[in-house]
**Q** 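I have a structure I would like to understand better, so I am pasting it below and will then ask my questions one at a time.
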Amino acid sequence: MTAQLIDGNALSQQLRTQVAQRVQALKAKGLTPGLAVVLVGDNPASQVYVRNKVKACQDSGLHSVLEKYEASMTEADLLARVEALNQDPSIHGILVQLPLPAHIDAQKVIEAISPAKDVDGFHMASAGALMTGMPGFWPCTPYGCMKMLESIQYNLKGKHAVVIGRSNIVGKPMALMLLQQNATVTICHSATPDLKAMTLQADVIVAAVGKRNVLTADMVKPGAVVLDVGMNRNDEGKLCGDVDFEGVKKVASYITPVPGGVGPMTITMLLVNTLEAAERAST
Ligand code: NAP
């Protein structure tokens, strides 16, 4: 078997076209959705991420503001900026790029964002909404994974999904979203004694660890769907995921590549959440 690719670039393009159309419809009513991206410090990876997010907004017709601050910015000053953005009617989504410098309590900053503008979906209110099935904002990366499953019309009902990783931004919300779609969900982590025994039972595997080759072909049931969230560098310095792509694609039915898989979907879902925030604000 050779797995079919779930192409995150192509799917993103489709979804971003829909976003652009909805943005135009809102603009016609006099409302331009706006995203504020706040970057503190000069982490090179963060600089690339925020640039990509701002560009994606511009390409889809959203208003975007990039606020850059020195790494020495105080926590109080950052909290004051977040509060000002909470009050700004031209801004519907606020994203504070993580990681923040060590002297700033990132959780405190996230909790300062108005839940109505929490388009990253990291606020406790958003986590609670996901947990209880109430309306809120879903974290963009697992939300993007769900869209990828939807794109292949995968019915999760009665299927066994194994999520590798339990972070608050990927693994845990991923598991809750799969559960909401009636999958039976297993969450694995660094203290899972026999990962292979778990993954071999899975119809769907989501790898969100941050280590190369966490998932190899011998760990995958033939025909399983494999989503690779990981972002790592191989020996040549090239971007790669958590999954041994070349091996696993011979066993899986569908697989996401890295790059060009979950990564572009994350930014796309940020646009979707920001648009949604603006639509909610307009009603
Ligand atoms: P994280 O907070 O470091 O969490 C990693 C998780 O993996 C933890 O739960 C950890 O377990 C678990 N883990 C570590 N070693 C393991 C092992 N050998 N077997 C099973 N589980 C293991 O990372 P994250 O923020 O969730 O991100 C995960 C990866 O996704 C990273 O590569 C990150 O760069 C990438 N990512 C990509 C996107 C995207 O847009 N494509 C977005 C976000 C993140 P413990 O909890 O026990 O420590």
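It should be emphasised that the depicted structure is a prediction, and the values quoted were computed from it without experimental measurement. No hydrogens, no waters, no symmetry mates; every other heavy atom, side chains included, goes into these values. Whatever order the structure lists ligands and atoms in, that order sets their numbers, starting from 1.
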**Q** Looking at atom 13 (N) of ligand 1, what's its closest protein heavy atom, distance included?
**A** Val209 CG1, 3.7 Å

**Q** Would one find more than 12 heavy atoms of other residues, nucleotides or ligands at under 6.0 Å from atom NZ of Lys55?
**A** no

**Q** Out of all atoms in ligand 1, which are within 4.0 Å of some heavy atom of Val170? Include the element for each.
**A** 26 (O), 43 (C), 44 (C)

**Q** Going from CD on Gln97 to CG on Leu95, what distance comes out if it is rounded to the nearest 0.5 angstrom?
**A** 6.0 Å

**Q** Would you say Thr192 touches ligand 1, if touching means a heavy atom closer than 4.0 Å?
**A** no

**Q** What residue and heavy atom of the protein are closest to atom 36 (N) of ligand 1, and at what distance?
**A** Val229 O, 3.7 Å

**Q** Looking only at protein heavy atoms, which one is nearest to atom 31 (C) of ligand 1, and how far off is it?
**A** Gly210 CA, 3.6 Å

**Q** Against heavy atoms of Ile169, which atoms of ligand 1 measure under 4.0 Å?
**A** 25 (O)

**Q** Identify the closest protein heavy atom to atom 18 (N) of ligand 1: which residue and atom is it, and at what distance?
**A** Lys211 NZ, 4.1 Å

**Q** If we count only N and O atoms by modelled type, under 3.5 Å, do the side chains of Lys238 and Asn234 hold a donor and an acceptor together?
**A** no

**Q** Provide the number and element of each atom of ligand 1 under 4.0 Å from a heavy atom of Gly263.
**A** 40 (O), 41 (N)

**Q** Heavy-atom contact check, 4.0 Å cutoff: does Ala208 meet ligand 1?
**A** yes

**Q** What residue and heavy atom of the protein are closest to atom 42 (C) of ligand 1, and at what distance?
**A** Thr141 OG1, 3.2 Å

**Q** Which residue and atom name correspond to the protein heavy atom nearest atom 45 (P) of ligand 1, and how close is it?
**A** Ser190 OG, 3.4 Å

**Q** Can a donor-acceptor pair be found between the side chains of Gln107 and Glu111 at a distance below 3.5 Å?
**A** yes

**Q** Could you walk me through whether Glu75 and His103 pass the side chain to side chain donor-acceptor pair (under 3.5 Å) check?
**A** CA-CA 7 Å; Glu75 183 180 282; His103 65 278; over 6 Å; no

**Q** At a 4.0 Å cut-off, with the gap strictly under it, does some heavy atom of Val214 reach an atom of ligand 1?
**A** no

**Q** May I ask you to list the atoms of ligand 1 that are less than 4.0 angstrom from any heavy atom of Ile164?
**A** 20 (C), 21 (N)

**Q** Counting neighbours of CG on Asp194 that are heavy atoms of other residues, nucleotides or ligands and sit closer than 6.0 Å, is the number greater than 12?
**A** yes

**Q** For the residue pair Asp244 and Thr216, confirm or rule out a side-chain donor-acceptor distance under 3.5 Å.
**A** no

**Q** Numbering the atoms of ligand 1 from 1, which are under 4.0 Å from a heavy atom of Thr266?
**A** 39 (C), 40 (O)

**Q** For atom 8 (C) of ligand 1, state which one of His189, Arg212, Met231, Arg166 supplies the nearest heavy atom.
**A** Arg166

**Q** If you draw the axis of the six-membered ring of Tyr154, does the NZ or CZ of Lys159 fall within 45° of it and under 6.0 Å from the ring centre?
**A** yes

**Q** Any Lys/Arg nitrogen of Asp77 or Arg81 sitting under 4.0 Å from an Asp/Glu carboxylate oxygen of the other?
**A** no

**Q** Any ion pair linking Arg16 and Asp59 (charged N to carboxylate O, less than 4.0 Å)?
**A** no

**Q** Measure from atom 26 (O) of ligand 1 to every heavy atom in Cys188, Ser167, Gly144 and give the option owning the shortest one.
**A** Ser167

**Q** Which atoms of ligand 1 sit under 4.0 Å from any heavy atom of Gly165?
**A** 6 (C), 7 (O), 9 (O)

**Q** So, are Arg22 and Glu276 salt-bridged, with charged N and O less than 4.0 Å apart?
**A** yes

